[in-house]
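Naming convention: chains lettered A, B, ... in sequence-line order (proteins, then strands); numbering from 1 in each chain. Because the structure is a prediction, the values reported are computed rather than measured.
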Protein chains: 2
Amino acid sequence: MNPSIKQLKAFVAVARSRSLAEASERVHLSQPALSIAIRKLEETVGGPLFARTTRQLSLTPEGEAFLPVALRLLNDWEEAFADLNELFSKQRGKITLAALPTLAAGLLPGIIADFRERYPRINLSLHDVLADEVNQQVREGRADLGFSVPPLASEDLVFEPLVVDRYVMICPLEHPMLGQPSVRWEQLAGFPFIGLNRLSSVRQDIDRIMEEVGQPLDILCDVNQIATVGRMVAAGLGIGVLPSLSFRQIATDGIEQRPLVAPTIRRELGIVMRRRDPLSAATSALKAMIRETANRSCHGP
Amino acid sequence: MNPSIKQLKAFVAVARSRSLAEASERVHLSQPALSIAIRKLEETVGGPLFARTTRQLSLTPEGEAFLPVALRLLNDWEEAFADLNELFSKQRGKITLAALPTLAAGLLPGIIADFRERYPRINLSLHDVLADEVNQQVREGRADLGFSVPPLASEDLVFEPLVVDRYVMICPLEHPMLGQPSVRWEQLAGFPFIGLNRLSSVRQDIDRIMEEVGQPLDILCDVNQIATVGRMVAAGLGIGVLPSLSFRQIATDGIEQRPLVAPTIRRELGIVMRRRDPLSAATSALKAMIRETANRSCHGP
DNA sequence: CACACTTACGATATTCGTAAGGATT
DNA sequence: AATCCTTACGAATATCGTAAGTGTG
């Protein structure tokens with residue numbers, strides 16, 4: 001026979017008021033029920049916690065010694081479950097995100113703002129890193145959610161598409177390519193090219209396609225920031241290729257764009273998660289919010 | 001709806017084995033019962049602790065965070081009740097006694113030895129002090145049990161008689177008083193007297209009686225130790241008065257004794273306790289042992 | 001006689017185990 | 001086919017409240 005939380009609460013209430021009648025009100029129990037609860041508790045612990053004189057209750061030395069322990073036990077108990085409840089009710093928690101710079105700067109800020117307004121006590125942290133690093137952080141649990149391109153066939157990661165982006169060529173105003181409504185990839189070979197970091201997913205896409213069409217790019221230089229590509233192109237140094245969503249995030253004065261075709265590349269962007277580990281309640285709520293936003297803005301796959 | 005200890009134990013068991021089937025054996029519960037217990041716990045805490053895939057269970061981030069907390073909670077719980085149980089089963093505890101030197105040296109050593117053999121883990125401490133100090137220590141809760149003469153009418157103390165002692169006169173061998181089988185108190189006035197400390201209950205008894213019989217004592221000196229009285233008397237310095245029980249505790253070579261009569265004083269010795277505060281289980285056991293010993297040795301009141 | 005705790009007993013609620021169902025490996 | 005979790009349902013257990021009992025001030 002084991003003691004229960006209720007019995008412990010009963011003990012504390014009686015110990016404090018030294019009266020069953022008074023304590024029974026505090027515990028929302030009838031007097032006889034309380035009497036029995038105390039008796040059962042005493043049976044399980046092996047001795048009397050109270051000394052009875054038919055009309056009065058007082059703590060035995062053992063009861064006296066146990067009272068502070070019981071209080072601590074109950075406090076810890078309540079606190080532990082209150083904490084857990086806060087976690088589930090999203091009044092507390094921490095979410096770590098890893099996202100491609102494009103998404104970190106484009107899709108996420110608005111969503112994060114909404115999320116923060118709804119759940120202000122949830123701690124959010126966002127790592128804007130390249131695709132491989134996004135996947136790596138998710139894989140290792142350093143990020144709860146990743147925003148990236150689909151990871152290479154990976155046992156432990158799962159990808160959920162969010163939006164589909166397409167590549168555009170960007171060039172200075174009055175560039176010869178602007179005479180046509182769209183640009184074929186193979187045509188890129190004829191001009192100096194401002195490229196992104198070779199490790200970026202955008203650049204790897206581009207290199208792969210150019211290899212497929214059999215034309216080498218004339219790389220003028222590689223840069224890390226998308227905005228830098230834009231400025232260099234605006235300055236007339238060459239042309240570049242950016243995802244359409246990235247293009248919207250940079251200053252476009254002095255730049256024109258044309259869609260890239262033949263082939264038309266679908267750049268799928270979405271959520272990366274660990275396959276087995278479930279999401280926390282807060283992370284799950286954030287993900288739902290993201291899905292909703294993505295669907296509403298009609299960029300769905 | 002509140003969580004229960006059983007549910008917490010169920011959670012821990014399942015979290016450890018990541019399987020209901022395996023955990024159900026450890027908890028001595030059927031698989032369905034465990035399933036329901038977990039489900040109810042999850043309902044009360046407001047969210048899933050485990051992620052289910054019909055065939056496999058894994059901890060959610062919240063469950064992961066809660067597991068160590070749950071373990072601590074259960075540990076504290078078990079420990080608290082184990083401690084309490086030790087107290088009641090007298091495998092642990094502390095008893096502080098206060099006793100007159102006569103009793104501390106006479107009645108108690110044997111009883112304490114027996115008690116210690118039976119309950120070796122109970123910590124015993126014995127203060128051998130004068131009657132007033134015995135009562136004071138009991139009154140203030142510094143001692144759990146006192147052994148003394150009956151306290152002056154006292155609201156908060158209660159006295160239970162154990163043994164009755166009588167006073168004897170002691171004198172050197174071949175003393176003139178030895179010619180008679182008993183000595184009257186008034187006869188004490190004629191000889192140099194070795195007295196005990198004026199604060200001792202023995203001395204206060206003697207002074208009171210001598211006042212009643214109207215004869216002043218011829219005090220040679222006052223000493224603190226009973227054994228000292230004996231040696232001074234043996235050296236022929238004078239006569240003395242001791243309780244019979246005390247007399248048995250000292251070296252008696254060179255000393256003779258005679259009972260004191262007219263009046264014959266009953267020196268009642270017994271247990272002093274606080275009236276309202278109940279005894280601890282250990283103290284109660286010790287008291288019972290003392291009563292039994294006192295009754296068996298036929299010194300009952 | 002009033003008050004405070006205990007005991008008795010019928011009612012309610014919770015929990016349990018067996019049996020059946022559904023999904024995955 | 002075997003294993004694992006879930007749902008369904010009747011049974012056992014525990015707990016509760018009302019009512020009656022007991023001893024004290």
Interatomic distance, [X] [atom1] vs [N] [atom2] [rounded to whole Å]:
{"X": "B:F50", "N": "D:dC4", "atom1": "CZ", "atom2": "C1'", "result": "15 Å"}
{"X": "B:E22", "N": "D:dC5", "atom1": "CD", "atom2": "C1'", "result": "15 Å"}
{"X": "B:E43", "N": "C:dT14", "atom1": "CD", "atom2": "C1'", "result": "13 Å"}
{"X": "A:L20", "N": "C:dT7", "atom1": "CG", "atom2": "P", "result": "12 Å"}

Flag if over 12 foreign heavy atoms under 6.0 Å of CD, A:E117: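 Open.
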
Residues, nucleotides or ligands: over 12 heavy atoms within 6.0 Å of B:R118 CZ: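 No, because the 6.0 Å sphere around CZ of B:R118 holds 12 heavy atoms or fewer from other groups.
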
N/O donor-acceptor pairs under 3.5 Å from side chains in residues 84-91 of chain A, not counting sequence neighbours:
{"from": "A:E86", "atom 1": "OE1", "to": "A:R92", "atom 2": "NE", "distance (Å)": "2.9"}
{"from": "A:S89", "atom 1": "OG", "to": "A:N85", "atom 2": "O", "distance (Å)": "2.8"}
{"from": "A:S89", "atom 1": "OG", "to": "A:E86", "atom 2": "O", "distance (Å)": "3.4"}
{"from": "A:S89", "atom 1": "OG", "to": "A:Q91", "atom 2": "NE2", "distance (Å)": "3.4"}

Side chain A:T60, main chain A:P48, donor-acceptor under 3.5 Å: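 Confirmed, A:T60 side chain pairs with A:P48 backbone.
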
Shortest non-hydrogen contact from A:I122 toward A:A282: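 Closest approach of A:I122 to A:A282: CD1-CB, 3.8 Å.
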
Closest approach of A:V164 to A:E268 (non-hydrogen atoms, all atoms of both residues):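 What the structure gives for the nearest pair is CG2-CG, 4.0 Å.
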
Nucleotide-resolved protein contact map, nucleotides 9-20 of chain D, B/S/- at heavy-atom distance under 4.0 Å: ------SSBBB-

Ion pair B:R296/B:E292, N-O distance below 4.0 Å: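 So B:R296 pairs with B:E292 through a salt bridge.
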
A:R276/A:E155 salt bridge by N-O under 4.0 Å criterion: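 Salt bridge: yes.
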
Positions of residues 51-60 of chain A (non-hydrogen atom under 4.0 Å from DNA chain D), listed by number: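 Per residue number, the list reads A:T54, A:R55.
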
